[in-house]
Amino acid sequence: MSTATEHQVRDGVGASVRRPDGRLKVKGDFAYSSDLQADGMVWGATLRSPHPSARIVRLDASRALRLPGVVAVLTHEDVPGSPLYGMKVADQPVLAADRVRYQGEPVALVAADHPETCRRALALIDVAYEELPALTDPEQAVSGLGPLVHADRVDGGHGNVVRHVRIRHGDPERARREADVVVSGTYEVGMQDQAFLGPESGLAIPAEDGGVDVYVSTQWLHDDRHQMCAALGLPPEKVRLTLSGVGGAFGGREDVSVQIHAAMLALHTGRPVKMSYHREESFYGHVHRHPARMWFEHGATLDGRIRYVKARLLFDGGAYTSTSQVVIANGSYFAAGAYDVPHAEIDGYSVFTNNPPCGAMRGFGAVQSCYGVESNLDRLARELGMDPVELRIRNAMTTGTVLPTGQAVDGPAPAAELLERLRARPLPPVPDGPFGLPGGLNNTSHGEGVRRGVGYAIGVKAIGFSGGVDDRSVARVRLFLSGGEPVAEVHTAAAECGQGIVTVQAQIARTELGVEQVVVLPADTRVGDAGSSSASRITWMSGGAVQGACKALRARVAALGDGPLPELLAAHGPLEAEYEYAHRRTHPIDDEYGQGDAHIAFAFAAHRAVVDVDTELGLVKVVELATAQDVGKAMNPLAVEGQIEGGSAQGLGLAVMEELRVENGRVRNPSFTDYLIPTIADMPPVPIDLLELPHPDAPYGLNGVGEPPTLSSTPAIANALRAATGRELARVPVRPEDIVADSEGR
């Protein structure tokens with residue numbers, strides 16, 4: 001059998017292979033989950049609470065049921081299985097029974113023959129609420145003040161603290177006494193939304209065996225099924241999920257949205273049910289990035305050696321647990337940043353409030369702590385009178401550095417090299433003419449109040465699931481003849497969310513098997529669990545599974561004897577192999593000191609931002625956002641660059657424009673009119689410097705790519721804005737009024 005080791009395979013690992021969905025998406029022909037149809041289909045819709053905290057005293061659906069075209073109205077009494085669901089803790093009601101805890105909480109479901117009929121039926125459901133005091137201040141929540149969001153917690157916890165992560169390393173008190181310079185600051189991050197362009201949607205079809213087939217856009221098919229089985233009271237073999245076209249995810253599709261509701265309606269009515277959120281409902285229907293309030297203190301010697309860090313992180317998790325327990329852990333793990341810090345005292349808190357639930361979003365807690373530590377590092381550099389890049393390089397993490405959790409970094413750690421590459425890059429020229437200035441085509445400035453600033457930041461994040469999670473991924477690969485040519489068929493449950501895992505799986509099969517024709521089957525639950533398309537893990541984990549299955553197939557072919565592959569397949573028929581890939585074991589950190597080998601690998605990214613700021617009008621133009629990142633192995637260089645550009649864009653959004661505004665528990669801007677995301681007009685050039693330092697434990701030496709760019713892009717821009725304005729700007733996103741505010745803060 002010819003393999004990749006014997007000849008160069010076209011479009012294998014390392015090639016910039018075009019994505020099979022690329023042309024369809026550009027032309028508008030790609031089928032997303034919101035495009036699904038089925039014969040006899042009805043539409044489903046959700047009634048949501050208008051209050052952040054209230055008791056339900058009456059619910060009457062009789063008028064809605066009398067509306068022509070309405071097929072069903074379901075309430076909490078119609079949930080066939082467990083009334084609660086959740087990713088980590090099952091504490092979220094499928095439908096609220098007697099209590100709502102955030103604005104937008106689902107209360108009832110409608111199925112009707114038309115979406116407009118659904119809308120009218122929702123308005124006819126009579127719900128009487130008794131409003132209750134809402135806890136919306138996370139400081140009150142962590143202090144034990146205000147009402148309990150969950151009077152009886154199903155996880156056995158007490159109060160409004162979801163989790164307290166306590167990390168103690170070295171002797172920070174002694175280090176503080178020995179430090180020559182001490183600086184501290186408080187930094188805040190607003191609530192960012194994943195803002196994916198394809199709203200939540202799916203199609204549920206009842207089956208003859210009493211089960212249900214669900215076609216849905218998600219990030220983790222098997223975890224969805226686990227939660228659905230509990231809520232529906234069905235065994236796994238009767239709940240079958242298939243991934244449909246996903247219009248972006250970024251963590252916002254890890255939690256269940258339409259899955260349980262659509263399946264309930266389908267099983268109740270005996271008809272296919274389609275659910276598709278409108279844009280405003282999408283803002284209510286998924287979790288967001290945790291807003292954070294953080295305090296950092298650094299002590300250093302006069303020559304710029306960091307001696308210690310102290311940090312307090314407070315993340316607002318909203319009304320339900322979701323992934324808050326692990327988001328605050330991840331933020332706390334990396335509160336010392338990408339630096340060798342011998343002493344650390346870190347306390348991370350996630351809390352319940354009556355604000356919208358928060359959970360996974362690209363960067364998963366490390367975005368918030370990176371912004372805090374990188375902001376305080378620039379403050380330390382100013383106090384020391386040092387160049388901020390030199391301060392970072394002097395303290396940069398290296399292979400062998402021991403983290404605050406006691407784990408030594410045993411893979412590549414090129415933090416200093418990334419920063420040096422950025423520092424050596426020429427700065428962009430000053431714009432020629434007003435159109436290149438802040439305000440752009442509006443011609444608002446001619447440069448009289450414009451100041452330029454340059455800022456640097458570097459981030460580090462763990463790759464893959466951490467803290468003792470038994471992370472595994474399954475792949476099945478089949479070799480057969482078609483038209484006399486060998487074809488490889490790859491089957492995994494890996495969710496293609498736009499990151500390109502379908503393309504990479506085909507590249508791996510070509511490389512390992514030496515075949516040109518590869519078919520990647522739709523992801524579904526007919527094959528073993530692939531885990532979530534999150535944590536920058538899916539190429540590592542599912543790629544490792546596909547590689548393992550292909551190697552098993554190669555061994556089987558070799559055992560058949562010599563000869564061309566087509567002849568062997570013709571003689572012996574199709575061959576199939578399944579492989580389960582698992583990374584090395586990790587361990588949870590201990591509760592008392594936060595020590596433990598929690599991670600399998602680390603990824604590093606750095607940014608240099610150049611900004612022009614009109615200090616009189618508060619307008620900002622990011623002129624350039626250069627980045628350097630170690631990717632281990634660029635499996636598909638073009639796709640890698642796309643991931644880095646996309647992550648940098650979301651970091652820019654968090655820095656200067658993106659925030660879901662919540663006041664007294666109510667969302668004020670649930671639309672793309674008022675929630676602003678970067679467009680092509682806002683994005684600057686993003687020069688990319690790729691390092692490929694193979695990770696010893698990874699397939700092909702690859703490393704995770706998708707999340708690291710979101711870490712350092714935001715603080716690099718914030719540091720550049722501080723350099724341009726001289727203001728502290730201790731909160732992102734930075735608004736125009738923050739830049740032009742007078743010295744008294746008015």
Side-chain angles (χ1 to χ4, degrees), residues 34 36-51 54-85 92-130 199-207 210-216 227-228 230-234 239 256-278 280-282 284-285:
S34 55
L36 295 169
Q37 303 282 338
D39 292 339
M41 182 184 82
V42 294
W43 292 79
T46 308
L47 181 69
R48 297 180 179 275
S49 165
H51 306 295
R55 183 175 291 110
I56 299 174
V57 297
R58 184 181 71 254
L59 195 160
D60 183 358
S62 58
R63 288 198 303 157
L65 283 167
R66 290 195 296 268
L67 183 69
V70 171
V71 179
V73 178
L74 304 184
T75 69
H76 72 95
E77 295 177 346
D78 300 297
V79 179
S82 170
L84 302 174
Y85 72 96
Q92 192 157 353
V94 175
L95 292 169
D98 58 353
R99 181 82 163 80
V100 292
R101 294 179 174 86
Y102 72 97
Q103 182 193 26
E105 180 154 1
V107 174
L109 304 174
V110 167
D113 60 3
H114 191 277
E116 179 61 22
T117 307
C118 283
R119 187 191 67 80
R120 293 173 58 199
L122 293 178
L124 292 174
I125 299 175
D126 180 22
V127 185
Y129 296 94
E130 176 192 349
E200 293 84 347
S201 51
L203 176 68
I205 302 177
V212 62
D213 294 283
V214 181
Y215 302 83
V216 67
Q227 296 178 66
M228 292 176 68
L232 299 174
L234 292 174
V239 180
V256 164
S257 59
V258 304
Q259 290 91 321
I260 297 173
H261 293 166
M264 281 177 56
L265 288 169
L267 291 169
H268 183 85
T269 63
R271 298 173 64 178
V273 174
K274 177 176 179 176
M275 297 190 77
S276 185
Y277 291 171
H278 53 75
E280 181 176 331
E281 186 177 18
S282 180
Y284 293 114

Within this structure, what is the CD-NE2 distance for the pair Glu105 and His51, rounded to the nearest 0.5 Å?
12.5 Å

Do other residues, nucleotides or ligands put more than 12 heavy atoms under 6.0 Å from Arg120 CZ?
no

Chi angles and distances behind the side-chain contact (heavy atoms from CB on, under 4.5 Å) call for Val127, Ile56
CA-CA 7 Å; Val127 185; Ile56 299 174; 4.1 Å; yes

In Å, rounded to the nearest 0.5 Å, how long is the span from SG of Cys118 to CG of Leu47?
12.0 Å

Checking Lys274 side chain against Ala262 main chain: does a donor-acceptor pair fall under 3.5 Å?
no

Are the side chains of Val70 and Thr117 in contact, using a 4.5 Å heavy-atom criterion?
yes

Where Ile125 and Ala64 come nearest, the two heavy atoms and their spacing:
CG1-CB, 3.8 Å

Minimum heavy-atom distance Leu265-Gly44, with the two atoms named
CD1-CA, 3.9 Å

Counting distance only, does the side-chain N/O of His261 pair as donor-acceptor with the main-chain N or O of Val94 below 3.5 Å?
yes

Shortest non-hydrogen contact from Ile260 toward Leu232:
O-CD2, 4.3 Å

Mind checking salt bridge (charged side-chain N to carboxylate O under 4.0 Å, His left out) for Glu77 and listing every partner two or more places apart, or none if nothing turns up?
none

I'd like to check Met264 versus Leu95 (side-chain heavy atoms, cut-off strictly below 4.5 Å). Are they in contact?
yes

So, taking the atom named CZ in Arg66 and the one named CG in Leu124, what distance separates them when rounded to the nearest 0.5 Å?
9.0 Å

Do you see a donor-acceptor pair shorter than 3.5 Å between the side chains of Ser282 and Glu280?
no

Where is the tightest heavy-atom contact between Gly202 and Val258, given as atom of each residue plus distance?
N-CG2, 3.9 Å

Please report the C-alpha distance between Trp43 and Val273 in whole Å, then the side-chain angles of each, then the deciding distance to 0.1 Å, and finally whether the side-chain contact (heavy atoms from CB on, under 4.5 Å) criterion is met.
CA-CA 5 Å; Trp43 292 79; Val273 174; over 6 Å; no

Locate the shortest heavy-atom distance separating Pro272 from Pro206; write the atom from each residue and the value.
N-CD, 3.7 Å

Could you check whether any side-chain heavy atom of Leu267 comes within less than 4.5 Å of a side-chain heavy atom of Leu234, counting everything from C-beta outward?
yes

Measure from the side-chain N and O atoms of Arg58 to the backbone N and O of Ala128, and report whether any donor-acceptor pair falls under 3.5 Å.
no

Can you confirm whether Pro93 sits close enough to Leu84 that some side-chain heavy atom of one is under 4.5 Å from a side-chain heavy atom of the other?
yes

For the residue pair Tyr85 and Val79, establish whether any side-chain heavy-atom pair is separated by less than 4.5 Å.
no

If you measure from CD on Gln227 to OG on Ser82, what distance do you get to the nearest 0.5 Å?
10.5 Å

If you compare all heavy atoms of Tyr102 against all heavy atoms of Tyr284, which two are closest, and at what distance to 0.1 Å?
CE1-O, 4.1 Å

Side chains of Met275 and Thr46: does their closest heavy-atom pair fall under 4.5 Å?
yes

The reported gap from CG in Asp113 to CE in Met41 (rounded to nearest 0.5 angstrom) is 10.5 Å

